[in-house]
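The chains referred to below are lettered A, B, ... by the order of the sequence lines, with proteins before strands, and numbering in each begins at 1.
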Amino acid sequence: MDEKLLKPYDPKTTEDRIYKLWEDSGFFNPDNLPGDRKDTFTLIMPPTNANGSLHAGHGLVMTIEDIMVRYKRMRGFKTLWLPGLDHAGFETQVVYEKKLEKEGRTRFGMDPKVLYKEILDFTLTNSKNIKSQIRKMGASCDWSREKFTLDDSVIKTVYQTFKRMNEDGLIYRGNRIVSWCPKHQTSFSDLEILDEERIDNFYYLKYGPFTIATSRPETKFGDKYVVLHPDDKRYSEYTNGQKIKLEWINGPIEATVIKDEMIDMEFGTGAMTITPWHDKADFEIAERHNLDKEQIIDEYGKLLPIAGEFAGQHIKKARPLIIEKLQKKGLVEKIDEGYKHVVRTCYKCGTVIEPQIKSQWFVKMKPLAEKALEKINNEEIKYVPEHYKKITTYWLENIMDWNISRQIVWGIPIPAKICTKCDHGMADIENKISKCEKCGDEVKQDGDTFDTWFSSGQWPYVVLGYPDNNDFKTFYPTDIMETAGDLVFFWVARMIMLGLYVTGKVPFKNVYMHGMVLDAKGQKMSKSKGNVIDPLTLTEKFGTDAFRIGMVVGNTPGTSLSLSEDKIKGYKNFANKIWNATRFVLDNTKNFQIPTNPEYDEEDKKSDEELRVLMKEITKEMDEYKFYIVAEKLYHYFWHTFADIIIERSKKKILNNTNADSAKVLLYTQLTTLLKALHPFIPFVTEEIWSMMPHSKNKQLLMIEKWPS
RNA sequence: GCGCGGUUAGCUCAGUUGGUAGAGCAACCCGUUUACACCGGGAAGGUCGUAGGUUCGAGUCCUACACCGCGCACCA
């Protein structure tokens, strides 16, 4: 017997060695797998953010996905798990900005090329670290196919898609309201914006014969349209287009009456003035009635010359001063304190979003969403857990156009030229256009980059080498997309839409969403709270196997998981239990030939049957992604049936030599079966034990053994 | 405002088509039996959020409500 077995199981001296064994075997690459494997199983790893180190959420991703992959590999599938790293556009830029800040620098004013190079170096350095951490988790992914979201091949395909969408009329450039973050100096899509409930003052201001209500008096300088509902009897004397002279913040103005059904007669006074440059709803009214639009607030949140004496002031500081002036002029009717409303903020820094009109690239989403809805509704894509289907279809049914321009350097440059005179935008992936195709004037390169999700939304077919690569033909559509629940719109829905648009096929047949990893008290982990659990500290302490099985037991898809050290510790004991049980089994089956047709006594026969039944159940549950229940059942069976009953029972039989052979056969075959079944969950300890089994000399790695269904 | 999820043993959570409530951890008692004290044996612990309804029978289905968490929304 192997001498290692005489001591307790030691993950530290085992895991790296075993991982190397796997990696050197080449079996992570589906092309090298033994046997005739007709059916493929493909899983694309969500590209890991390369800007930091592995956190608990990554630990969960690697665990669940590796379980899926190892199981399918053992089931005889030609199994591909394709790893990738994410440059993570805006996310990384924010991380890097913080670094710059610490060094007393700022990205503004920096040469974009220098900044880009710096972030690239930073990312590449960190990515080495990330990759070794992924290996630590035991991930059996095919490193030979690894991709980075800024690889040339990725950019090439993304450009092709942009060009094609543009030709198909799915992309347009235009002056539209965008969500602008005054701190980060970039626009966002609607998904990067958070709604935050706030309590503010609500001001009732006299606007000629009307009273208007607003929470943002600082936007009102240019308001020259008053909008009323056509059916509002209170205002029936006023007609659409009617001019009214009135005294306003900085002097007399002429206002125009607009009748629009969008007005809610119940709200405020039923009369509203509009600021089309800084409010989406107002913008739409202005578009409908073809009204003037004027910028009041600049990109940094400061008032423009139209604000007169307030010009140059930051809106936050100006607001009370403006109210003071209005009060002096007798234009404030009343102020409601404690007005509860929703403010939109930047999801990264919490700064209040200032809507601005900007000329940027937008994707027309309706036609894309309709195709996606069809495939989801007819179950060509299935969701686990199912309720994500409802969430997705609701979002798709109410989809808004997607702003894909970002004013940051860290990303894929938008391949387009912009006319310096008429602002016409032209897709130009070959960099050939030198004159505006509309007015013939000079053009300049679009300085913006793509929203990072525009490229990662194309990930499944991009990484497989669409359209000509063999991998694309073999492995696409992929089988499952496993990712965090909060990416259901950001990423999953967009992959479906873009995948259908570009390849005509769904990018994956199943979506499996896992929940968030919370701390032991069920609170969100955050650096400021100081409750962040580092998965690598846990694997260091208890072993990767213990961490992995601790992550899945009782963790149903979609729901968040509370992670505690005690739980992981319990599974460290489990790994050791298996280790010790193996010692007993091997000790007692020394020099014993396992017969091909074993004869069991009555109770052993029952036990043999019991495990077969269990394996049938488990196999079904594995196919239904119920890893949480399989892990628990295996744990329970191993400990409380195999160890507590079968091993204990065998002691007497072997000692008294009554039905000893039956006992020995049962011990050996059950251990063998259980090692295989446990392997996807706790790959290291099972592989290590496998190598010490007497049959192992001529045998292959456990990772490619046949699953005992 | 609309929607989604949750509410089951002290804690974390399971509970597949409705048929006498489960696991892990913690706590309690006993025990060093030749794989393992990173152990074994035993016992304890829940009117399944509330109120109705359907049913022979409801943790499970229906309806309201409460609380927690989350998402969506152009109410100035």
So, does [X] get its side chain near the phosphate of [N], meaning an N or O under 4.0 Å from OP1 or OP2?
X        : N     : value
A:His387 : B:G3  : no
A:Trp395 : B:G3  : no
A:Lys651 : B:A35 : yes
A:Tyr339 : B:A76 : yes
A:Lys633 : B:G15 : no
A:Tyr628 : B:U12 : no
A:Asn555 : B:C13 : no
A:Thr556 : B:A14 : yes

Please collect all salt bridge (Lys or Arg N to Asp or Glu O under 4.0 Å) contacts where either partner lies in residues 632-641 of chain A, sequence neighbours excluded, each pair once. A:Glu617-A:Lys633, A:Glu621-A:Lys633
Worked check of ring-ring contact (aromatic ring centres under 6.0 Å, His included) between A:Phe574 and A:Tyr635: CA-CA 8 Å; A:Phe574 181 49; A:Tyr635 173 90; 4.7 Å; yes
Select base, sugar-phosphate, or nothing to describe what [X] touches, counting heavy atoms under 4.0 Å on all strands.
X        : value
A:Val342 : base
A:Ala575 : nothing
A:Ser562 : sugar-phosphate

Would you mind reporting whether A:Pro355 and A:Asp279 have side-chain heavy atoms less than 4.5 Å apart? no
Is there side-chain contact between A:Leu674 and A:Tyr637, with heavy atoms separated by less than 4.5 Å? yes
Which value, in whole Å, describes the distance between the [atom1] atoms of nucleotides [N] and [M]?
N     : M     : atom1 : answer
B:G46 : B:G69 : P     : 28 Å
B:C29 : B:C67 : P     : 42 Å
B:U8  : B:U47 : C1'   : 12 Å
B:G6  : B:A14 : C1'   : 14 Å
B:G10 : B:U17 : P     : 27 Å
B:C65 : B:U7  : C1'   : 14 Å
B:A9  : B:U60 : P     : 15 Å
B:C56 : B:U16 : P     : 23 Å

The side chain of [X] is closest to which nucleotide in this list: [options]?
X        : options             : value
A:Glu648 : B:C36, B:C38, B:C74 : B:C36
A:Lys280 : B:C36, B:A76, B:C74 : B:C74
A:Asn580 : B:A35, B:A14, B:C74 : B:A35
A:Ile629 : B:A76, B:C39, B:A14 : B:A14

Determine which nucleotide pairs with [N], using a 3.5 Å limit on both distances of a Watson-Crick or G-U wobble pair.
N     : value
B:G45 : none
B:U32 : none
B:C61 : B:G53
B:C2  : B:G71
B:A27 : none
B:A9  : none

Between A:Glu648 and A:Lys651, is the closest basic N to carboxylate O distance under 4.0 Å? yes
Could you check whether the rings of A:Phe202 and A:Tyr339 sit parallel, tilted or perpendicular, using 30° and 60° as the cut-offs? parallel
Look at the rings of A:Tyr625 and A:Phe627 and say which category their plane angle falls in: under 30° parallel, 30 to 60° tilted, over 60° perpendicular. perpendicular
5'-most contact on RNA chain B: A:Glu621 or A:Lys390, nearest heavy atom basis? A:Lys390
On RNA chain B, more 5' by nearest nucleotide between A:Tyr571 and A:Gly268 is A:Tyr571
Look at the side chain of A:Lys577 and the base of B:C36, then say whether one donor and one acceptor between them are separated by less than 3.5 Å. yes
